[in-house]
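Step one of this worksheet: look at the structure below.
Order of the sequence lines fixes the chain letters, A, B, ..., with proteins taken first and strands second; residue numbering starts at 1 for each chain. Because only heavy atoms are used, hydrogens play no part in the values below, and waters and symmetry mates are left out as well, while side chains stay in.
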Protein chains: 4
Amino acid sequence: MFAAGTDSWREYGPSQLPEVLQSALRVFAERGYEGASIRGLAAAAGLSVPGMYHHYRSKQDILVNLMEHALVDLIARCREALASAGPEPAARFDALVECMVRFHMFRRAEAFVASTELRSLEPGNRARCVALRDELQGMVADVIEEGCAAGVFSTPYPADAARAVSTLCVGVATWYREDGPLSPDQVVERQLVLLRNLVGRR
Amino acid sequence: MFAAGTDSWREYGPSQLPEVLQSALRVFAERGYEGASIRGLAAAAGLSVPGMYHHYRSKQDILVNLMEHALVDLIARCREALASAGPEPAARFDALVECMVRFHMFRRAEAFVASTELRSLEPGNRARCVALRDELQGMVADVIEEGCAAGVFSTPYPADAARAVSTLCVGVATWYREDGPLSPDQVVERQLVLLRNLVGRR
Amino acid sequence: MFAAGTDSWREYGPSQLPEVLQSALRVFAERGYEGASIRGLAAAAGLSVPGMYHHYRSKQDILVNLMEHALVDLIARCREALASAGPEPAARFDALVECMVRFHMFRRAEAFVASTELRSLEPGNRARCVALRDELQGMVADVIEEGCAAGVFSTPYPADAARAVSTLCVGVATWYREDGPLSPDQVVERQLVLLRNLVGRR
Amino acid sequence: MFAAGTDSWREYGPSQLPEVLQSALRVFAERGYEGASIRGLAAAAGLSVPGMYHHYRSKQDILVNLMEHALVDLIARCREALASAGPEPAARFDALVECMVRFHMFRRAEAFVASTELRSLEPGNRARCVALRDELQGMVADVIEEGCAAGVFSTPYPADAARAVSTLCVGVATWYREDGPLSPDQVVERQLVLLRNLVGRR
DNA sequence: AATGAATGAGCCTTCATTCAT
DNA sequence: CATGAATGAAGGCTCATTCAT
């Protein structure tokens, strides 16, 4: 049912993020960037305020690090997922969806903040992160178009379908709870079923 | 193609919001609740700061008014849409989706703020708004379940499908632009196609 | 001995400065601009910190107001002094010196801060204040050149003499004390004697 | 025209200051003591922050070293200048003025900071530096009084003249530029002319 | 002497809010 | 409703300084 091949994109050990960023992530996820204060971030990190500035030049800098880390990690995993999926559009689609869904469950806070706080980035930083996000959306769009071209997907609106697929994968971060009723594998399965339908998989 | 019957739920004149709320809406949509200051809201409204407090007891109060107005309006429209759609689950689904999509295009800022700033509400206010939102999601879930029961929708995961439908309708507020390439009717049409597929409409 | 004519340039009632600026003046004179904190300025003014910001947009703004007030007042008095002195270069020189010396005694703190904190001004503000200062120096230079041209001053270096005259008048603010051994009139008299010599008055 | 005798007080090789103090000097001259940060001083010195504390116990310590070095050097030079000038008051005056003017040109930053930042010294340090400064002013005052006693200076206000002479010598540091229109010798010459006049040299 | 990590205190400024007029 | 004055609390950030390595 899942894509075959190398599986490192499916593995989620403990976060690689520096501890300061991990705690910042929790705070940003809970209160939003504007709602978080450096004092709060420092307290969450067990640091003093200047201690935070020793590690990061500004509050914005913390957010940027967080967001780029998340996006870069997700993109890398998606690439691996596609690579391991082989050439069949259906398998590629499944791998991509599975990869994104897993990421949005296992890196929930990263993913949530990355999708929520784009607006809080200063123009230059935003541009860089938007470019990364667009890269991701491009991967989804490409896979769907391949599928349509190959006749395995039948949706008449591949571009809109691609946006919907992205939206729903990202949305997982909004509602998924580790202690919820569904196992991660079940969530993946259900999203796959819904999204295959959405693109009109035959 | 669209649901028949009384059509007031399809009509969007200029916003009924008091002007103060309209300008507040713009500010909240642009900078977020935390990122907006009373001074900024007052300036946007062409009022003095105490003038704002003459109308609303607090910044929170402004947000609450905005959000309740949006949710109440949306719920009312959805009810009308369902009422005008008659008993057929397929027609009811289409009406509900169309109604939500239209709302998220024509009341974009309201809808965006309402979905974005739930977290900025104080507990009591949040509870009330969450209840309203749940009511909406309940309408979607009900319609989908009716459809499944009647055999017109085939998705094995009606609850997940309902969440997906909500998510995608809400998502329209994120990307729709008045001056974009698609007319509102086209957007409705496309969302309908995608979402009918998603629920496995036969 | 003193220049004749209208004498308003010689009169120094209590400072016309708003009280907030008066207290800021004391603090700046004592600790310098960088050494003064908004908290200190507010305390000296009997205000809260935001109270200061109600009156002035920034710490810099306070300094600018102070400096421009001082320079404008001094220039106006110097003009009056020259006007009341008539056409004789010697009388004009005496009037100008007397005026500047008096100002640097009776508006000691203003004058001191104005000459000391030019460097603390942001570029735009500095430019404006430097222009005012240059205007003053121009008046001194003009009077000395007139005197040289008329043969009443004999210094071979009128430009350097003008700078020296300015420097010494400004310097009065550095050492003069209200409770010192010399009366203001005595100070004026002595500076006149020294400076007439300096320019080689015949 | 210049005083005769041993000339080491006229010679200015590269500064003898330790490099750390030289760079600190530049920073203090540019931004003032309060406006300078240890980080800035360290950066200017090419040192790390703890590296600064290896050399000096505090920011204040740096300033004290700088100021004492400057004052001690200047006093020593003035003594030499007087010694080399012989017994004639006129020659002694000229030597002293020349010495001070040269110092304020060739050790511009030292002299500027020493005269500007007295106020930034803690009480004990200030007392020591003020004593040094007073020693200098005493030398000027003595020379002028000698001259008056000997009948070569005619000013009726020798004490005020002494202050003026000091002020104008110190002032040189304010306006002199290495790349200005006047050579150091020309500056000395002009100051001598002005100051001889000021004291009423016959 | 450098590097890296840390901090209490304090910086300038803005916040939401109030009240008298 | 506006204006003007005010404020406690908090905002992001930097300060001089220290210590372990």
Hey, does G46(B) reach any base, or is it just sugar-phosphate, or nothing, if we go heavy atoms under 4.0 Å? sugar-phosphate

So which atom in M67(A) and which in C129(A) form the shortest heavy-atom distance, rounded to 0.1 Å? CB-SG, 4.1 Å

Atom OH of Y56(B) to atom C1' of dA16(E): distance rounded to whole Å? 17 Å

Let me know the distance between CG of L41(C) and P of dG10(E), rounded to the nearest Å. 16 Å

Just the rounded figure in Å: distance from P of dT3(E) to OH of Y53(D). 16 Å

Side-chain donor or acceptor of D73(B) paired with backbone N/O of H69(B) under 3.5 Å: no

Give me the distance, rounded to whole Å, that separates dT21(F) from dA1(E) when you measure between the C1' atoms they each carry. 13 Å

Separation of S23(C) OG from L47(C) CG (nearest 0.5 Å): 7.5 Å

Which part of the nucleic acid does I38(C) contact within heavy-atom distance under 4.0 Å: base, sugar-phosphate only, or nothing? base

Judged by atom type as modelled, is there a donor-acceptor pair below 3.5 Å linking the side chain of E110(B) to the main-chain atoms of A70(B)? no

Verdict with supporting geometry, V27(C) and E30(C), side chain to side chain contact (heavy atoms under 4.5 Å, CB included): CA-CA 5 Å; V27(C) 178; E30(C) 204 168 291; 5.8 Å; no

Looking only at heavy atoms, what is the nearest atom pair of A111(B) and H104(B), with distance? CB-CD2, 3.2 Å

Side-chain donor or acceptor of K59(D) paired with backbone N/O of A36(D) under 3.5 Å: yes

Atom CD of E34(C) and atom C1' of dC12(E) are separated, to the nearest Å, by 12 Å

CZ of R57(B) versus C1' of dA16(E): gap in Å, rounded? 14 Å

Regarding G51(C), tell me which of base, sugar-phosphate or nothing describes its non-hydrogen contacts under 4.0 Å with the strands shown. base

Starting at CZ of R31(C) and ending at C1' of dC11(E), how long is that distance when rounded to a whole Å? 14 Å

With heavy atoms under 4.0 Å as the rule, sort A45(B) into base, sugar-phosphate or nothing. nothing

When only distance counts, do a donor and an acceptor, one from the side chain of R39(A) and one from the base of dG12(F), lie under 3.5 Å apart? yes

The side chain of S48(A) is closest to which nucleotide in this list: dA6(F), dT17(F), dA6(E)? dA6(E)

Report the distance from atom NZ of K59(C) to atom C1' of dG10(E), rounded to the nearest whole Å. 12 Å

Side chain of H55(D): nearest nucleotide among dA1(E), dG4(F), dC19(F)? dA1(E)

Considering just the side-chain nitrogens and oxygens of H54(A), establish if one lies under 4.0 Å of OP1 or OP2 belonging to dT14(F). no

Round to a whole Å and report the spacing from CG of L63(D) to C1' of dA16(F). 15 Å

Closest to the 5' end of DNA chain E, once G40(B) and V49(D) are matched to their nearest nucleotides, is V49(D)

Of all the choices, dT17(E), dT13(E), dC15(F), which nucleotide is nearest to the side chain of P50(A) once you look at every atom? dC15(F)

What contact category does A36(C) fall into here, base, sugar-phosphate, or nothing, at under 4.0 angstrom with non-hydrogen atoms? sugar-phosphate

Establish, with yes or no, whether the OP1 or OP2 oxygen of dT14(F) is under 4.0 angstrom from a side-chain nitrogen or oxygen of S37(D). no

Applying the Watson-Crick and G-U criteria (both distances under 3.5 angstrom) with [ ] for crossing and | for other-strand pairs, one obtains for DNA chain F .||||||||||||||||||||

Return yes if a side-chain donor-acceptor contact under 3.5 Å exists between Y33(C) and Q60(C), otherwise no. yes

